[in-house]
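Because only heavy atoms are used, hydrogens play no part in the values below, and waters and symmetry mates are left out as well, while side chains stay in.
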Amino acid sequence: MILTVVAIALIVVMAMAIARAFLGPTIYDRILAVNLFGTKTVLLIAVVSYIFGRPDFLDIALIYALINFISVIAVLRFFEYGSDKVNEKVGEDG
Amino acid sequence: MFAISTLLDISVLTLLVIVALAMVRERDLFATVMLSGIYGLLSASFFVLMDAADVAFTEAAVGAGIFPLLMLTVLTSVGRYEAGERRVRILPLMLMLALAGALFAAVVQMPAFGAVDAPSHAHVAQRYIYDSPDEIGIPNMVTSVLASYRGFDTLGEVVVIFTAAVGVVVILLGGRPKTPQQSSQALMAEHKVLRIVGKMLIPLILLFGLYVQFHGEYGPGGGFQAGVIFAVGIILYAMLFGLSNAQRVVPLGVLRWLVALGVLIYGSVGLASLLAGGEYLNYSVLANDSVTGQHIGIIVIELGVGITVASAMVLIFFAFTRATRSRDELEE
Amino acid sequence: MAEIVTVLSSLCLILGAFLIFSGGLGVLRFPDFFTRMHAAGVTETMAATLIVLGLMLHSGWGLPLFKLLLILLFVMITGPTASHALAKSALHGGLRPLGDNTNNERH
Amino acid sequence: MAEYYNYLVVVLLMVVGLYIVMAQANLVKKLIGLNIFQTSVFIFYISTAKVTGGTAPIVVDGAELYSNPLPQVLILTAIVVGIATMALALALVLRIKRAYGSVEEDVILEQDKPC
């Protein structure tokens with residue numbers, strides 16, 4: 001029952017993160033939203049694996065935790081040190 | 001319990017549609033790639049909800065990890081914004097509406113979602129579910145179907161990955177590198193904390209990759225997943241410490257050999273079973289006892305799959321990075 | 001004993017869910033990037049810790065407990081690192097917090 | 001309605017992806033559309049695999065009903081093959097950019113026109 005509540009809260013926050021990723025306005029907001037979304041996915045998978053009674057799924061949550069970090073690094077790397085075309089309007093986009 | 005899984009299913013799918021529509025509207029390709037990362041994470045959560053643990057594993061590493069990574073690399077070269085006016089094109093829109101209508105009409109004729117007696121569960125699936133634990137002797141049915149019952153199909157998939165990697169190398173590393181267009185900058189030198197935490201994480205990622213590789217018979221995992229995870233570890237190293245350092249660890253020449261080696265290992269298992277008197281890729285003849293033979297066969301071909309997938313992904317990433325970076329940065 | 005563990009686990013989960021929700025609200029509603037970053041960063045690590053802790057209490061001894069411990073470890077290391085790198089990168093990229101008058105290029 | 005929701009979403013995603021491929025001129029955007037299209041097929045297969053009340057197809061004590069492992073196997077390999085072929089397409093995009101200086105479809109077609 002409580003796990004259900006947690007899962008629903010996670011879904012709601014995921015929706016909020018999607019809204020932020022779409023609204024922007026700066027590129028950093030979008031990166032923040034993706035990062036937030038990734039952490040929530042980790043937690044959702046962990047919670048769902050207990051709702052379904054299959055703790056094998058925890059391996060998946062584990063790999064999400066790693067991938068999420070890597071994608072933040074990737075975005076920062078390509079955004080900061082990419083070509084000038086990417087950097088032309090730092091901060092304000094859209 | 002049933003109600004909550006339906007609720008989660010519906011909400012995740014709705015979010016997927018919302019993200020897809022947002023991607024249509026977005027003009028900034030960078031933001032679109034961010035959204036596609038979210039899209040990958042969402043579809044992987046959906047696969048977990050559908051009991052497809054192995055698929056979720058792969059999609060997590062591919063859809064949320066490698067796909068956005070490759071896209072970002074390409075964006076540094078092709079630019080961040082789309083050109084031209086965004087207008088609704090009438091003809092494609094009409095076509096799509098017609099297609100959607102036709103597909104909707106077809107879809108409601110299908111057996112209801114989750115029906116136990118759907119035709120797709122009636123035939124060969126029964127054997128996979130109820131006989132494979134005895135025939136193959138491993139608990140993960142996905143692995144036994146992938147590696148043993150459909151071993152020949154999987155060999156084909158591995159060859160496709162090999163071919164795609166060769167194609168990328170030919171296309172991107174064939175010509176001369178681009179002329180330098182930016183000053184050399186120490187990669188990620190600003191982010192000392194990131195570098196240190198990354199250095200701590202890389203061995204853990206590689207270790208986890210090995211765990212996934214060899215635990216694939218008992219839990220979610222296997223060669224495809226492990227290969228991608230292993231590749232992600234090396235790609236992380238390349239991102240934090242520069243391509244030239246990463247190439248010192250795994251040189252391009254070695255990678256080229258490894259991509260082929262994996263396919264070769266897979267194929268040789270088939271030859272070995274031919275020589276032992278069975279059919280191609282029939283592992284039962286590899287040992288005196290058929291279950292032991294299956295075990296040996298599956299471990300070896302999963303290793304081949306893992307080697308090919310990991311080296312193909314790393315090779316593809318290196319090729320992309322080399323093609324989009326300037327010369328002096330490569331020689332930092 | 002079992003009841004105490006159950007109550008503790010529920011408490012952790014509920015508190016975690018509340019923190020997650022407030023963090024999400026902050027990310028959606030706060031006025032500029034740094035305040036949103038604050039909302040996300042502060043709640044995220046705490047909430048993730050609480051939820052994973054709740055699940056750990058829920059699960060009992062075994063391999064799942066160890067895996068949860070690993071997840072907890074990863075989240076606690078990577079979360080703050082990512083937040084730090086992101087904030088630094090934004091500052092470096094020319095974004096200034098609201099009310100910061102030393103550099104008015106964004107106003 | 002609820003029992004067809006998965007399939008309706010599959011159709012929607014498929015159409016959205018195809019629309020991006022057809023109507024938007026940027027080649028990178030087209031590939032992103034192709035990815036959406038591809039994922040819709042994945043979702044379709046995985047949805048057909050699910051059995052109500054079933055559990056993940058890894059043998060576990062006390063479970064009688066398992067979801068169908070076959071579509072999962074097909075999609076598992078399709079995802080990895082998909083990213084490999086997507087990489088090939090992106091490599092072609094990079095070469096097109098190098099050769100034509102643009103990745104917008106109309107600009108490329110303009111340059112290819114015989115004078």
Side-chain angles (χ1 to χ4, degrees), chain B residues 10 13 17 20 23-24 29 32 36 43 47 50-55 58-59 62 66-67 70 74 77-78 82-84 89 92 96 99-100 103-104 107-108 110 112-114 116 120-121 125 128-129 133 139-142 145-146 150 154 157 160-161 164 167-168 171-172 224 309 312 316 323, chain D residues 2-9 11-13 15-16 18-20 22-23 25-26 28-29 32 35-36 39 42-43 46-52 54-59 66-70 72-73 75-77 79-81 83-88 90-95 97-98 103-104:
Chain B
I10 288 180
L13 285 173
V17 174
M23 276 152 87
V24 179
L29 286 173
T32 318
S36 77
S43 50
F47 295 150
M50 292 290 109
D51 295 338
D54 287 273
V55 182
T58 321
E59 176 70 16
V62 167
I66 291 189
F67 177 73
L70 290 182
V74 171
S77 167
V78 303
E82 287 179 55
R89 307 232 177 165
M96 289 305 113
L99 181 65
L103 286 175
F104 279 141
V107 145
V108 290
M110 287 185 55
F113 166 71
V116 182
S120 63
H121 306 318
Y128 293 154
I129 292 173
N140 188 347
M141 300 163 204
V142 174
V145 176
L146 178 93
R150 295 183 62 87
T154 311
E157 313 272 13
V160 172
I161 293 166
V168 169
I171 291 171
L172 288 182
F224 284 97
V309 171
I316 286 170
Chain D
E3 62 258 44
Y4 291 108
Y5 191 75
N6 285 41
Y7 300 137
L8 297 185
V9 167
V11 171
L12 275 181
L13 288 178
V15 170
V16 167
L18 211 53
Y19 177 79
I20 295 181
M22 285 177 82
N26 189 297
V28 178
K29 191 69 180 266
I32 291 176
N35 185 49
I36 296 179
T39 317
F42 297 164
I43 292 174
I46 298 296
S47 299
T48 58
K50 171 78 180 165
V51 174
T52 304
T55 182
I58 300 169
V59 175
Y66 293 100
S67 289
N68 191 345
L70 182 58
Q72 300 189 1
V73 172
I75 294 313
L76 168 61
T77 51
I79 289 176
V80 182
V81 169
I83 187 71
T85 47
M86 186 64 77
L88 196 64
L90 284 171
L92 287 173
V93 168
L94 280 180
R95 277 306 280 263
K97 169 75 181 175
R98 221 183 280 170
V103 290
E104 299 290 331

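Heavy-atom minimum distance, B:F47 versus D:I79: CE1-CD1, 4.3 Å. The two atoms that bring D:I58 and D:Y66 nearest to each other are O-CE2, 3.6 Å, heavy atoms only. Residues D:T77 and B:E157 come closest through the heavy atom pair OG1-OE2, 3.1 Å.
B:V107 touches chain D through backbone and side chain together, each having a heavy atom under 4.5 Å away. D:L88 touches chain B through backbone and side chain together, each having a heavy atom under 4.5 Å away. For B:A20, the parts sitting under 4.5 Å from any heavy atom of chain D are the backbone and the side chain alike. Residue D:V15 touches chain B through both its backbone and its side chain, counting heavy-atom pairs closer than 4.5 Å. D:I32 touches chain B through backbone and side chain together, each having a heavy atom under 4.5 Å away. At a 4.5 Å heavy-atom cutoff, the contact between B:V309 and chain D is made by side-chain atoms alone. Within the 4.5 angstrom heavy-atom criterion, atoms from both the backbone and the side chain of B:L70 approach chain D. Contacts of D:L90 with chain B are made by both backbone and side-chain atoms, with heavy-atom separations under 4.5 Å. Within the 4.5 angstrom heavy-atom criterion, atoms from both the backbone and the side chain of B:S120 approach chain D. Heavy-atom distances place both the backbone and the side chain of D:A87 under 4.5 Å from chain B.
The side-chain hydrogen bond (donor to acceptor under 3.5 Å, both in side chains) test applied to D:S47 returns D:N6, not counting sequence neighbours. Every residue meeting the ring-ring contact (aromatic ring centres under 6.0 Å, His included) condition with B:Y128, not counting sequence neighbours, appears here in chain and number order: B:Y149.
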Evaluate side-chain contact (heavy atoms from CB on, under 4.5 Å) for D:Q72 paired with D:I46, printing each intermediate quantity in order.
CA-CA 6 Å; D:Q72 300 189 1; D:I46 298 296; 4.2 Å; yes
Walk me through it: do B:L99 and B:F104 pass the test side-chain contact (heavy atoms from CB on, under 4.5 Å)?
CA-CA 8 Å; B:L99 181 65; B:F104 279 141; over 6 Å; no
Let's go through D:S67 and B:M50 carefully: what are the C-alpha distance in whole Å and the side-chain angles of both, what is the deciding distance for side-chain contact (heavy atoms from CB on, under 4.5 Å) to 0.1 Å, and is it a yes or a no?
CA-CA 8 Å; D:S67 289; B:M50 292 290 109; over 6 Å; no
Output, in order, the C-alpha distance, side-chain angles, deciding distance and verdict of side-chain contact (heavy atoms from CB on, under 4.5 Å) for B:R150 and D:L70.
CA-CA 9 Å; B:R150 295 183 62 87; D:L70 182 58; 3.6 Å; yes
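With chain B as partner, the option from D:N26, D:L18, D:N68 having the largest number of non-hydrogen pairs under 4.5 angstrom is D:N68. Listed options D:A25, D:A49, D:A56 were ranked by heavy-atom pairs under 4.5 angstrom with chain B; first place goes to D:A56. Most heavy-atom pairs under 4.5 Å with chain D, from the set B:T154, B:T32, B:L103, B:V74: that is B:V74. Looking only at heavy-atom pairs under 4.5 Å with chain B, the residue among D:I43, D:T85, D:V103 that has the most is D:I43. Ranked by heavy-atom pairs shorter than 4.5 Å toward chain D, the options B:V160, B:D54, B:I316, B:I129 are led by B:I129. Interface check for chain B: of the options D:V93, D:L13, D:I75, D:T48, the most heavy-atom pairs under 4.5 Å are formed by D:L13. Looking only at heavy-atom pairs under 4.5 Å with chain B, the residue among D:L12, D:V16, D:T55 that has the most is D:T55.
Listed for the D:K29 side chain is a donor-acceptor partner under 3.5 Å among the backbone atoms of B:M23. A donor-acceptor pair under 3.5 Å is absent between the side-chain atoms of D:R95 and the main chain of B:L172, judged by distance alone.
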